[in-house]
Number of protein chains: 2
Amino acid sequence: MTHPAPPASLRERKKVRTRQALAETAAALFGERGFDATPLDDLLDAVEVSRRTFFRYYRSKEDVALTAVKELWSVFLEVLAEEPGTGPLRDVFRDALLTALARMDGDWHPRFATTVRLTADSPALEGHSLLHCAEVQAETRRLLGRPDDLELRLLIEFCVATWRSAVDDWLPTCAPGELPDHVRRAFAAMEAGLHLEA
Amino acid sequence: MTHPAPPASLRERKKVRTRQALAETAAALFGERGFDATPLDDLLDAVEVSRRTFFRYYRSKEDVALTAVKELWSVFLEVLAEEPGTGPLRDVFRDALLTALARMDGDWHPRFATTVRLTADSPALEGHSLLHCAEVQAETRRLLGRPDDLELRLLIEFCVATWRSAVDDWLPTCAPGELPDHVRRAFAAMEAGLHLEA
DNA sequence: GAAGAAAGTGCCACTCAGTGGCATTTGCGT
DNA sequence: ACGCAAATGCCACTGAGTGGCACTTTCTTC
């Protein structure tokens, strides 16, 4: 089971519904009016949840806005954990990324596109996004059992940077099916990039 | 002249002094009590500057805390601009970094060490630091005249990531003269990192 | 060197994110 | 049905950052 079975408990189901409602409404509201221009209270009113409750679900305003991104990386770590993979590690990471991408359901894609656009013009979001990438990198190193290996650390940094570059190239169009191509192109350019001459 | 000559105007001199006082006192205060645990007002009281004035000098509390880091990157961009360099670009970047490092005066080193330590245990600072790296990267691409070249973008991402890894390795000791060695080691490990096998 | 322009500063009141405490409700098990 | 624990809501608070306006300091010009 990739996703945990829907929990029987009513209490749990309500929690999940609230979480989703917050994330989805956040994407919609922020997408319309912009992240910085939308006070958190507007989101709380829309979802009819008190300030205090919100902060029991999400750590910050940025946190809820980045839900789609965090979902992707979470799946990425799952994929990496379940199939160790062999051969060049950067191919392993690229493929894990592509697999994770393929696993996201149709509902996810527009939310992700919205999030990426938001991130592009809100430094606060960009900062939190970079911070989250750093956490994922640390988690990946731990997963591979060599958290202190310099070369491994560099490789992971490179791969995440490559991913971000791919997303950046994809950003202007945000065409639904084209992200994997951008990812493949970017990863294919790593070697040449590293050996660029002035 | 690498640094602009001391401005004749009294007005300008006072501004510079206030800026420095804020940066230095910030490093001292934050270094003692921690970044998150030190309210901005404590800094303002210490320097005897009003809240309003502070925000005319620095954009945020994080901004003033990261002064030492920003100084380094600023010198890095200067170095890069004045000597285009030839050969493998990653060597050019590494050497520009080392040159910038060598140009910093003795006063800078302890402030930088403090800043790095602060950054390591304050997510807010880490986020702003990563954000600043991203700005420097964009500026570097612009400087080289190819802001949209994917391979160049990747190379710059890789180099900055490598720098950050080097600083991270240096962090536990923070031994004054050892940073350049860590930088050289990290850059030397790029190739092997990219070709790691699972 | 005095007068006025311009830049810099301080104070006050405001918005908004995030937190702690405590009472209240709501779903859960017996 | 009852009691327990979890979840929620409400209130008041801190702390960062901003806008407006009055006041002081420096620069300029005559």
Side-chain angles (χ1 to χ4, degrees), chain A residues 6-23 25-26 29-30 32-67 118-119 122-129 131-132, chain B residues 6-23 25-26 29-30 32-67 118-119 122-129 131-132:
Chain A
S9 153
L10 167 60
R11 200 178 253 172
E12 291 304 314
R13 266 176 295 158
K14 282 183 98 172
K15 279 172 70 172
V16 172
R17 288 202 329 124
T18 306
R19 265 196 85 85
Q20 282 187 351
L22 282 170
T25 313
L29 275 184
F30 295 155
E32 284 171 29
R33 301 184 230 164
F35 180 76
D36 299 302
T38 309
L40 188 55
D41 290 323
D42 286 11
L43 173 61
L44 303 182
D45 290 348
V47 187
E48 290 185 307
V49 159
S50 84
R51 185 178 220 67
R52 204 69 188 78
T53 301
F54 170 84
F55 283 102
R56 289 198 188 90
Y57 281 95
Y58 294 97
R59 274 193 300 256
S60 66
K61 189 187 170 190
E62 287 79 17
D63 193 18
V64 68
L66 291 176
T67 301
L118 285 174
T119 305
S122 165
L125 268 187
E126 172 99 23
H128 269 70
S129 178
L131 218 39
H132 181 246
Chain B
S9 153
L10 168 59
R11 204 179 251 170
E12 292 304 315
R13 266 177 295 158
K14 280 182 101 174
K15 279 173 70 173
V16 170
R17 289 202 335 122
T18 307
R19 266 195 85 85
Q20 282 187 352
L22 283 170
T25 313
L29 275 185
F30 295 155
E32 284 172 27
R33 303 185 229 162
F35 180 76
D36 298 302
T38 309
L40 187 55
D41 290 323
D42 287 11
L43 173 61
L44 303 183
D45 291 349
V47 189
E48 290 183 308
V49 159
S50 85
R51 184 179 223 66
R52 203 67 189 78
T53 300
F54 171 83
F55 282 103
R56 289 198 189 92
Y57 283 94
Y58 294 96
R59 276 194 301 261
S60 66
K61 188 186 171 191
E62 287 79 17
D63 193 18
V64 69
L66 291 176
T67 301
L118 284 174
T119 305
S122 164
L125 268 187
E126 172 100 25
H128 269 70
S129 177
L131 218 39
H132 180 246

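Chain A is the first sequence line, chain B the second, and so forth, proteins listed ahead of strands; every chain is numbered from 1.
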Rounded to the Å, how far apart are [X] [atom1] and [N] [atom2]?
{"X": "Arg13(B)", "N": "dC27(D)", "atom1": "CZ", "atom2": "C1'", "result": "13 Å"}
{"X": "Leu44(B)", "N": "dG15(D)", "atom1": "CG", "atom2": "C1'", "result": "12 Å"}
{"X": "Arg17(B)", "N": "dG8(C)", "atom1": "CZ", "atom2": "P", "result": "16 Å"}
{"X": "Lys14(A)", "N": "dG27(C)", "atom1": "NZ", "atom2": "C1'", "result": "8 Å"}
{"X": "Arg56(A)", "N": "dA5(D)", "atom1": "CZ", "atom2": "C1'", "result": "14 Å"}
{"X": "Phe35(B)", "N": "dG15(D)", "atom1": "CZ", "atom2": "P", "result": "13 Å"}
{"X": "Asp63(B)", "N": "dA16(D)", "atom1": "CG", "atom2": "C1'", "result": "14 Å"}
{"X": "Glu12(B)", "N": "dT25(D)", "atom1": "CD", "atom2": "P", "result": "18 Å"}

Margin query: Walk along nucleotides 12-19 of chain C from 5' to 3' and tag each nucleotide B, S or - by protein heavy-atom contact under 4.0 Å, base first, then sugar-phosphate.
Written below: -----BBB
Note to self: Please determine whether a side-chain nitrogen or oxygen atom of Tyr57(A) lies at a distance below 4.0 Å from atom OP1 or OP2 of dA7(D).
What the structure shows: no
Note to self: Using OP1 and OP2 only, check whether a side-chain N or O of Thr53(A) sits under 4.0 Å from dT8(D).
What the structure shows: no
Next item on the list: Starting at CG of Leu43(B), measure out to CD of Glu48(B) and round the result to the nearest 0.5 Å.
Entry: 12.0 Å
Notebook entry, point to check: At what distance, to the nearest 0.5 angstrom, does CG of Leu66(A) lie from CZ of Phe35(A)?
Noted result: 7.5 Å
Taking C-beta and beyond as the side chain, do [X] and [Y] meet within less than 4.5 Å on heavy atoms?
{"X": "Ser50(A)", "Y": "Leu44(A)", "answer": "no"}
{"X": "Val47(B)", "Y": "Phe54(B)", "answer": "no"}
{"X": "Arg33(A)", "Y": "Asp42(A)", "answer": "yes"}

Checklist line | Option from Thr119(B), Leu131(B), Leu125(B) for which side-chain contact (heavy atoms from CB on, under 4.5 Å) with Glu62(B) holds | finding: Leu125(B)
